[in-house]
Amino acid sequence: MSLIVQKFGGSSVADAKRVFNVAGIVTDTYKEGNDVIVVVSAQGDTTDDLIEKANEINPHASKREMDMLLSSGEQISASLLAMAIEKLGLPVVSMTGWQAGITTDSNHSSARIRKINPERIKNEIDQKRIVIVTGFQGTSKYDNITTLGRGGSDTSAVALAAACHADLCEIYTDVDGVYTTDPRIVPEAKKLDEITFDEMLELASLGANVLHNRSVEMAKKYNVNLCVRSSLTRAEGTVVKEVVNMEKMMVRGVAKDCDVARISLVGIEDTPGKAFRIFSLLAKHNINVDIILQSIGRNNKKDISFTVSQTKIDEVVDLIKSNKDNIGFEDFSYTTAVSKVSIVGAGMVTNPGVAAKMFEALYEAQINIHMIATSEIKVSVLIDEGCEQKAVKVLHDKFELAL
């Protein structure tokens, strides 16, 4: 007997037919003699609809009240799935994040899980019930409902798998695994049988929407056996693991991210501590910075450019304007008309010339590069908005990922 955590995204439970399809997957797993914990997202576009309702009432509602509202979406999914499983004649119970013992910090709308007390879940499993838990949420030490932000249900599932020492965590989506790139852009993209945690973490962080980066990070930390599968086809998926058996490919995947904005600060005094002032200010306001580029100092001045999520651009602009004297710059500009394209592969570290090959492909396609960031297993470039799909295609071809 194994303990299996199964997570189903919003598209997997979008309507009654799909809820019963998920119920079939869950009950089949249970009938095979396994204990099952299910984590669900809100149905279809429920979260977007709730945000729209909130904006009709108060476009500037507090994050606490937004968490109260948005957490209801997952509660609907959990109860409906429990009803479907009841109808199929099996014992089941649904729980909110609070009932499941998930405690988070108090950072509303993007909370992080602090601890999980799985006692109630284990008691229900001991009574041979299927346990359904609302994803994306928990409660703070002040007993306020919190939500985990984008991709939070993935994180909930992996955290529960770690806390309950599950044998496997299956992430069910509307695709049947992890591909070398988005098959909607490159139809010949190849499904990977397995991928390393590090490669998946980079792809998730760089815009691949199959898994959220926080869930991969947690799976790696606690060595959770992770598999990405389709809820629609039940085909064998992609296993995410520490080490893959096959010889490391030079490049494993290409990802794009359109949620990017670039900020440039011009004429900063070329003295120690200036970069610290900029990025510590952003860190205090929980703003993540991605690519950073600093020019060589000239005439005792330097320029610094960096990228953030487009959703944070207004907040960043306000912070920079209000702290101009403290930072000390002559001018600044920003744009959201950019995208990021990245190649990822654990084999890069032992294969020289990968970056040159990438730049050659973009040059041949006449795609200009604005900024570059590298690590041992990835190269990212910032390019003009609208060029990202073309870039993905030429890079996928250049590295022969469909073969």
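Heavy atoms only: backbone and side chains are in, while hydrogens, waters and symmetry mates are out.
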Nearest 0.5 Å please: distance from the CG atom of N223 over to the CD atom of E242.
6.5 Å
Side-chain donor-acceptor contact under 3.5 Å, S339 with E388:
yes
Can you measure from OG (S342) to CG (D257) and round to the nearest 0.5 angstrom?
8.0 Å
Looking only at the side chains, is there a donor atom on one of D259 and S309 sitting less than 3.5 Å from an acceptor on the other?
yes
For atom CE of M68, decide whether the heavy atoms of other residues, nucleotides or ligands shown that lie under 6.0 angstrom number more than 12.
no
Could D176 and R229 be called an ion pair, given the rule that one side-chain N must be under 4.0 Å from one carboxylate O?
no
When rounded to the nearest 0.5 angstrom, what is the spacing between CG in L395 and OG1 in T181?
9.0 Å
Taking the side chain as C-beta and beyond, is there a heavy-atom pair between S11 and R18 under 4.5 Å?
yes
From I57 atom CD1 to L69 atom CG, the distance as rounded to the nearest 0.5 Å:
10.0 Å
E364, CD: over 12 other non-hydrogen atoms inside 6.0 angstrom:
yes
Criterion side chain to side chain donor-acceptor pair (under 3.5 Å) on S62 and E65, from CA distance to verdict
CA-CA 5 Å; S62 68; E65 296 308 325; 4.7 Å; no
Is a side-chain N or O of T336 found less than 3.5 angstrom from the main chain of Q310, in a donor-acceptor match?
no
Just say parallel, tilted or perpendicular for the rings of F332 and Y334, cut-offs at 30° and 60°.
parallel
Return yes if a side-chain donor-acceptor contact under 3.5 Å exists between T29 and N34, otherwise no.
no
R252 side-chain N/O to A346 backbone N/O, donor-acceptor pair under 3.5 Å
no
Do any N or O atoms from the side chain of S295 and from the backbone of D303 form a donor-acceptor pair under 3.5 angstrom?
yes
Which value, rounded to the nearest 0.5 Å, describes the distance between K7 atom NZ and D154 atom CG?
4.0 Å
Evaluation steps, side chain to side chain contact (heavy atoms under 4.5 Å, CB included), between L70 and F136:
CA-CA 9 Å; L70 298 183; F136 175 67; 4.2 Å; yes
Do K302 and I296 have side-chain heavy atoms sitting under 4.5 Å apart?
no
Within the 4.5 Å heavy-atom criterion, are M348 and I343 side-chain neighbours or not?
yes
When you look at E199 and T196, which way does the side chain to side chain donor-acceptor pair (under 3.5 Å) test go after all the steps?
CA-CA 5 Å; E199 289 170 329; T196 68; 3.2 Å; yes
Please evaluate residues K241 and E194 with respect to the criterion salt bridge (Lys or Arg N to Asp or Glu O under 4.0 Å), reporting the C-alpha separation (whole Å), side-chain torsions for both, the decisive distance (0.1 Å), and the verdict.
CA-CA 7 Å; K241 56 199 293 189; E194 50 187 31; 3.5 Å; yes
What distance separates S79 OG from E86 CD, expressed to the nearest 0.5 Å?
10.0 Å
Indicate whether any N or O donor in one side chain lies under 3.5 Å from an N or O acceptor in the other, for N144 and R64.
yes
Do side-chain atoms of K274 reach the backbone of I327 as a donor and acceptor pair under 3.5 angstrom?
yes
Side chains of D49 and T46: is there a donor and an acceptor less than 3.5 Å apart?
no
Is the shortest side-chain heavy-atom distance between K87 and F20 below 4.5 Å?
yes
Is there a donor-acceptor pair under 3.5 Å between the side chain of T104 and the backbone N or O of T146?
no
Whether K340 side chain and C258 backbone form a donor-acceptor pair below 3.5 Å:
no
Run the side chain to side chain contact (heavy atoms under 4.5 Å, CB included) test on V308 and N288 for me, step by step, so that the C-alpha distance in whole Å, both residues' side-chain angles and the decisive distance to 0.1 Å come before the verdict.
CA-CA 6 Å; V308 297; N288 289 323; over 6 Å; no
Are T238 and D193 packed together at the side-chain level, in the sense that at least one heavy-atom pair is separated by less than 4.5 angstrom?
no
Stepwise side chain to side chain contact (heavy atoms under 4.5 Å, CB included) test for I51 and M66
CA-CA 8 Å; I51 292 172; M66 288 301 295; 4.2 Å; yes
For N300, look at atom CG and say whether over 12 heavy atoms of other residues, nucleotides or ligands are found less than 6.0 Å away.
no
So with a 6.0 Å cut-off around CG of N326, is the heavy-atom count from everything else above 12?
yes
For a 4.5 angstrom cut-off between non-hydrogen side-chain atoms, does L148 reach R112?
no
Closest non-hydrogen atom pair between L211 and A204, with its separation
O-CB, 3.2 Å
Between the side chain of T139 and the main-chain N/O of T103, is any donor-acceptor distance below 3.5 Å?
no
Between the side chains of E32 and Y30, does any donor sit under 3.5 Å from an acceptor?
no
So, for F399 and M358, which heavy atoms are closest and what is the spacing to 0.1 Å?
CZ-N, 3.9 Å
Does the distance from a Lys or Arg side-chain N to an Asp or Glu carboxylate O, for K256 and D182, drop under 4.0 Å?
no
Flag the pair K141 and D105 as a salt bridge only when some basic side-chain nitrogen lies within less than 4.0 angstrom of an acidic carboxylate oxygen.
no
Heavy atoms of other groups near Q127 CD, more than 12 under 6.0 Å
yes
Taking every heavy atom of N225 against every heavy atom of D167, the minimum-distance pair comes out as ND2-O, 3.1 Å
Determine yes or no for a side-chain-to-main-chain donor-acceptor pair under 3.5 angstrom, with E315 supplying the side chain and K312 the backbone.
no
Considering non-hydrogen atoms only, spot the tightest contact between S77 and V40 and give its length.
CB-CG2, 3.9 Å
E124/R120 salt bridge by N-O under 4.0 Å criterion:
yes
So, for A373 and I291, which heavy atoms are closest and what is the spacing to 0.1 Å?
CB-CG1, 3.8 Å
Can you name the closest pair of heavy atoms from S12 and Y172 and give their distance?
OG-O, 4.0 Å
Other residues, nucleotides and ligands only: do more than 12 of their heavy atoms fall within 6.0 Å of NZ on K357?
yes
T180-H396 side chain donor-acceptor pair, cut-off 3.5 Å
yes
Flag the pair D270 and K301 as a salt bridge only when some basic side-chain nitrogen lies within less than 4.0 angstrom of an acidic carboxylate oxygen.
no
Check step by step if side chain to side chain contact (heavy atoms under 4.5 Å, CB included) holds for D290 and F306.
CA-CA 7 Å; D290 185 19; F306 58 92; over 6 Å; no
Do T307 side-chain atoms and R262 backbone N/O form a donor-acceptor pair below 3.5 Å?
no
Can you confirm whether M200 sits close enough to V178 that some side-chain heavy atom of one is under 4.5 Å from a side-chain heavy atom of the other?
yes
Any donor-acceptor pair under 3.5 Å from H285 side chain to L281 backbone
yes
Could you tell me whether the side chain of V133 reaches within less than 4.5 Å of the side chain of I37, counting heavy atoms only?
yes
